[in-house]
Amino acid sequence: MKRYGMMGGTFNPIHLAHLYIAYEAKEELNLDKIIFMVAGNPPHKKESKVIDSKYRYNMEISDYEIKKNGYSYTYETLQYLKKQEDNVEVFFIAGADSLMAIEKWSNTDLVLNNCTFVAFNRGEYNKSIL
């Protein structure tokens with residue numbers, strides 16, 4: 001079975017922490033590859049300034065969320081990834097801040113049923129907060 005990690009985000013811009021988390025996840029979870037999924041139109045960032053997706057895509061790998069119509073929802077992206085290849089296990093890699101807000105995500109049950117959720121601690125979060 002293939003083991004893929006998926007890191008979703010706006011990557012506005014991508015930075016060393018993103019790359020470090022991807023590297024650590026690949027090594028620790030023995031993943032075959034990491035797919036950076038650039039958010040096309042994230043609904044939770046309506047008020048934020050986000051660099052145009054065509055520039056963010058130039059830094060990344062997958063343009064699925066950029067090309068799809070409407071908002072980008074993780075559950076749809078995970079379903080899409082699983083349909084692309086047979087026999088794939090997907091590990092969704094995110095920062096602890098994403099885990100803390102997961103109840104706000106659309107169709108959380110479909111997210112958790114279509115991947116193994118892997119959260120990495122970021123500097124602003126610690127065990128007392130979690």
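Numbering of residues begins at 1 and proceeds along the displayed sequence.
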Could you tabulate the donor-acceptor pairs under 3.5 Å formed by side-chain atoms of residues 20-37, not counting sequence neighbours?
{"unit_1": "K26", "atom_1": "NZ", "unit_2": "L31", "atom_2": "O", "d": "3.4"}
{"unit_1": "D32", "atom_1": "OD2", "unit_2": "R3", "atom_2": "N", "d": "2.7"}

Below 4.5 Å, heavy atoms only, C-beta onward: do L78 and V111 meet side chain to side chain? yes

Donor-acceptor side-chain pairing of E103 and T108 below 3.5 angstrom: no

With a 4.5 Å limit on heavy-atom distance, are the side chains of K68 and E76 in contact? yes

My understanding is that only residues two or more places apart in sequence, or in another chain, count here; which of them pass side-chain hydrogen bond (donor to acceptor under 3.5 Å, both in side chains) with T74? none

Steps toward side chain to side chain contact (heavy atoms under 4.5 Å, CB included) verdict (M1, V88): CA-CA 6 Å; M1 175 172 283; V88 173; 6.0 Å; no

Is the shortest side-chain heavy-atom distance between N114 and Y75 below 4.5 Å? no

What donor-acceptor contacts under 3.5 angstrom involve side-chain atoms of residues 79-86, with partners at least two apart or in another chain?
{"unit_1": "Q84", "atom_1": "NE2", "unit_2": "Y80", "atom_2": "O", "d": "3.3"}
{"unit_1": "E85", "atom_1": "OE1", "unit_2": "K2", "atom_2": "NZ", "d": "2.5"}
{"unit_1": "E85", "atom_1": "OE1", "unit_2": "Y4", "atom_2": "OH", "d": "3.0"}
{"unit_1": "E85", "atom_1": "OE2", "unit_2": "Y4", "atom_2": "OH", "d": "2.9"}

Roughly how far, to the nearest 0.5 Å, is OG of S98 from CZ of F120? 12.5 Å

Does one hydrophobic cluster hold both L16 and I93, with members joined at side-chain heavy-atom distances below 4.5 Å? yes

Does K67 have any salt bridge (Lys or Arg N to Asp or Glu O under 4.0 Å) partners at least two apart in sequence or in another chain, and if so, which? D63

Between F92 and W105, does the ring centroid distance fall short of 6.0 Å? yes

Tell me whether the rings of Y71 and Y73 are parallel (<30°), tilted (30 to 60°) or perpendicular (>60°). perpendicular

Residue list, side chain to side chain contact (heavy atoms under 4.5 Å, CB included) with N113, at least two apart or on another chain: D109

